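One structure is given here, and the rest of the page talks about it.
From a predicted model like this one, the values you see are computed outputs, not experimental measurements.
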Amino acid sequence: MTMKACNVGQLCNKFKPHLFMILAQVAYTFLYIITEASFNHGMNPHVYVTYRHVVSSVVMIPFAYFLERKQRPKLTLALFVEIFILSLLGVSLTLNMYYASLRYTSPTFVASVVNTVAALTFVIAIAFRLESLNLRNPRGIAKLLGTLVSLAGVTTMTLYKGPVMQHLGHVPVHIQASSGSNHENWIKGAILTVASCITWSVWYIMQAVTLKRYPAQLSLTAWMSFVGAAQSAFFTVIVEHRKAAWTVGLNVDLWSIIYGGVVMSGAVIFIQLWCTEVKGPVFVTVFNPVSAILVAIIAYFILGEKLYTGSIIGAIVVIVGLYLLLWGKEGDQPVDSKSKDQSHSTDNEQKDASIEIKVTPAHP
């Protein structure tokens with residue numbers, strides 16, 4: 001019984017990051033739906049980003065203050081500038097472009113294009129040597145193929161439509177599309193989506209770098225929400241002068257702000273930071289296709305959006321690519337552990353051979 005419990009515990013610890021990221025993608029799925037409903041209701045996306053991170057700051061600051069008092073590093077000016085840039089990339093700049101694009105396009109389109117973040121992050125991570133790629137190793141080849149296959153699946157979902165799938169029955173929920181949607185706005189939304197994907201990829205990479213100097217996920221989440229809210233508020237005040245745009249009633253706008261602040265900018269960002277520190281930024285981004293597939297399913301069965309065969313084919317290809325990439329990344333940790341063991345054994349042999357060799361203290 002003890003051995004079985006031990007094996008179950010080890011299995012849970014091994015796949016805990018995978019489970020957390022799947023839960024995060026489920027949360028993203030509902031975010032696409034509720035924000036589209038809010039924006040179609042008249043909510044300004046820039047006001048939404050500002051309010052959402054104000055809520056996140058109010059929720060996360062007490063947890064960060066009390067739970068990380070002993071492990072939180074001292075905040076220097078250089079570190080604050082780094083957090084300021086991190087907040088700009090991950091909150092004010094990226095999200096303002098992202099939600100503006102959602103206002104002009106559709107949740108299915110945005111969720112599909114966002115999957116390019118995984119491929120972009122993978123390329124940037126290799127360039128900055130945050131991700132290893134050994135093409136002589138089968139797992140290294142699997143990581144490269146998985147990235148390319150996932151990107152091919154995303155491209156298929158985005159560009160190829162094919163025949164429309166017929167609805168099986170009555171659609172339970174109807175979301176009224178914005179009356180201002182046209183071809184010109186769709187192009188504008190597509191450009192904003194691509195731009196947000198690029199800055200988002202850089203943000204994931206920068207997270208991994210910042211966490212090495214500031215290994216306090218709750219505090220970093222709180223700081224990003226607070227600074228990001230201030231940045232977004234500064235920008236929104238310039239572009240939005242109507243007082244009515246800042247007024248939020250007891251409707252879908254309020255619930256989308258609360259959900260976005262507490263669940264997405266609070267809990268999900270904390271989960272992503274933890275997974276980034278444990279598994280790296282590429283691991284976090286490879287789960288993005290999960291939400292794209294879930295959004296397409298919900299949009300078809302519940303919201304009544306059209307589902308094309310191209311989306312189904314692309315989703316299958318994306319799943320294959322995701323599996324290849326995850327299988328390839330599973331080889332990273334054993335290699336690291338093996339190299340550490342070899343390093344320790346070499347140090348021990350050297351220490352035994354000569355008393356003049358000093359033992360290097362382990363990193364905390």
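Between Phe270 and Phe63, the gap from one ring centroid to the other reaches at least 6.0 Å. Residues His18 and Phe283 bring their aromatic ring centres within 6.0 Å. Between Trp246 and Tyr51, the gap from one ring centroid to the other is short of 6.0 Å.
Under the 3.5 Å distance criterion, the side-chain polar atoms of Ser256 are matched with a main-chain donor or acceptor of Asp253. Side-chain atoms of Arg72 do not come within 3.5 Å of backbone N or O of Tyr214 as any donor-acceptor pair. Using a distance-only test at 3.5 Å, with no hydrogens or angles considered, no donor-acceptor pair links the side chain of Arg52 to the main chain of Gly261. Using a distance-only test at 3.5 Å, with no hydrogens or angles considered, a donor-acceptor pair links the side chain of Thr193 to the main chain of Gly189. Between the Tyr65 side chain and the Met60 main chain, no donor and acceptor come within less than 3.5 Å of each other.
To the nearest 0.5 Å, the span separating CD1 on Ile22 from CZ on Phe15 amounts to 10.5 Å. Ile198 CD1 to Met97 CE: the interatomic distance, rounded to the nearest 0.5 Å, is 8.5 Å. Rounding to the nearest 0.5 Å gives a distance of 5.5 Å between CG of Leu294 and CD1 of Ile297. Here the OG1-CD1 distance, from Thr29 to Ile34, works out to 13.0 Å after rounding to the nearest 0.5 Å. For the atom pair Met224 CE and Thr210 OG1, the distance stands at 8.5 Å (nearest 0.5 Å). Interatomic distance, Ser201 OG to Met206 CE, rounded to the nearest 0.5 Å: 14.5 Å.
Linking Ile, Leu, Val, Met, Phe, Trp and Tyr whenever their side-chain heavy atoms come within less than 4.5 Å leaves Val123 and Leu148 in two separate clusters. Note: the hydrophobic cluster containing Ile124 also contains Val117 (ILVMFWY, side chain heavy atoms under 4.5 Å, direct or indirect links). Under a hydrophobic clustering in which Ile, Leu, Val, Met, Phe, Trp and Tyr are joined whenever their side-chain heavy atoms come within less than 4.5 Å, directly or via other members, Ile61 and Phe66 fall into different clusters. By the criterion of side-chain heavy atoms lying less than 4.5 angstrom apart, applied directly or through intervening Ile, Leu, Val, Met, Phe, Trp or Tyr residues, Val248 is grouped together with Ile258 in one hydrophobic cluster. Phe235 and Phe226 end up in different hydrophobic clusters when Ile, Leu, Val, Met, Phe, Trp and Tyr side chains are linked at under 4.5 Å.
Shown here are the ring pair (Phe, Tyr, Trp, His ring centres under 6.0 Å) partners of His41, two or more places apart in sequence or in another chain: there are none. Residues meeting the ring pair (Phe, Tyr, Trp, His ring centres under 6.0 Å) test with Phe84, sequence neighbours left out: none. Qualifying salt bridge (Lys or Arg N to Asp or Glu O under 4.0 Å) partners for Arg242, counting only residues two or more places apart in sequence or in other chains: Glu240.
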Please lay out, stage by stage, how Lys279 and Phe20 fare under the test side-chain contact (heavy atoms from CB on, under 4.5 Å). CA-CA 12 Å; Lys279 288 286 189 178; Phe20 280 165; over 6 Å; no
Let's go through Trp327 and Lys143 carefully: what are the C-alpha distance in whole Å and the side-chain angles of both, what is the deciding distance for side-chain contact (heavy atoms from CB on, under 4.5 Å) to 0.1 Å, and is it a yes or a no? CA-CA 8 Å; Trp327 182 82; Lys143 287 198 290 185; over 6 Å; no
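Side-chain contact check for Tyr98 versus Leu192: every heavy-atom pair is 4.5 Å or farther apart. The shortest side-chain heavy-atom distance between Tyr28 and Val290 does not fall under the 4.5 Å cut-off. Side-chain contact between Ile83 and Leu75: present, with at least one pair of heavy atoms (C-beta onward) separated by less than 4.5 Å. Contact of the Leu250 side chain with the Trp255 side chain is registered, since non-hydrogen atoms from C-beta on lie closer than 4.5 Å. Between Leu95 and His46 there is no side-chain heavy-atom pair separated by less than 4.5 Å. With a 4.5 Å cut-off on side-chain heavy atoms, Trp274 and Lys16 count as touching. Taking the side chain as every heavy atom from C-beta outward, Pro215 and Gln71 never approach each other to under 4.5 Å. Under the 4.5 Å side-chain criterion, counting only non-hydrogen atoms from C-beta, Leu86 is in contact with Leu220.
In plain terms, the two heavy atoms of Glu68 and Leu218 that are nearest each other are OE2-N, 3.0 Å. Counting all heavy atoms, side chain and backbone alike, Val91 lies closest to Val49 at O-CG1, 4.2 Å. The two atoms that bring Pro281 and Ile205 nearest to each other are CG-CD1, 3.9 Å, heavy atoms only. Minimum interatomic distance between Leu273 and Gln217 (heavy atoms only, all atoms of both residues): CD1-O, 3.6 Å. Taking both residues in full, the closest heavy atoms of Met43 and Ile257 are given as CE-CD1, 3.5 Å, listed atom of the first, atom of the second, then distance. Across every non-hydrogen atom of Leu120 and Cys197, the tightest pair is CD1-O, 4.0 Å.
With respect to Glu82 and Arg213, a salt bridge is recorded, a charged nitrogen being found less than 4.0 Å from a carboxylate O.
Looking at Thr94 and Ser196, their side chains never bring a donor and an acceptor atom within 3.5 Å of each other. When only modelled atom types and interatomic distance are considered, Ser225 and Ser56 share a side-chain donor-acceptor pair under 3.5 Å.
In summary, of the residues considered (Ser265, Ser87, Ser92, Ser232), a side-chain hydrogen bond (donor to acceptor under 3.5 Å, both in side chains) with His53 occurs for Ser265 alone. Considering Thr35, Ile269, Leu31 in turn, Leu31 is the only one that fulfils the side-chain contact (heavy atoms from CB on, under 4.5 Å) rule with Met264.
Aromatic ring pairs are classed by plane angle as parallel below 30°, tilted from 30° to 60° and perpendicular above 60°; the pair Tyr204 and Trp200 is parallel.
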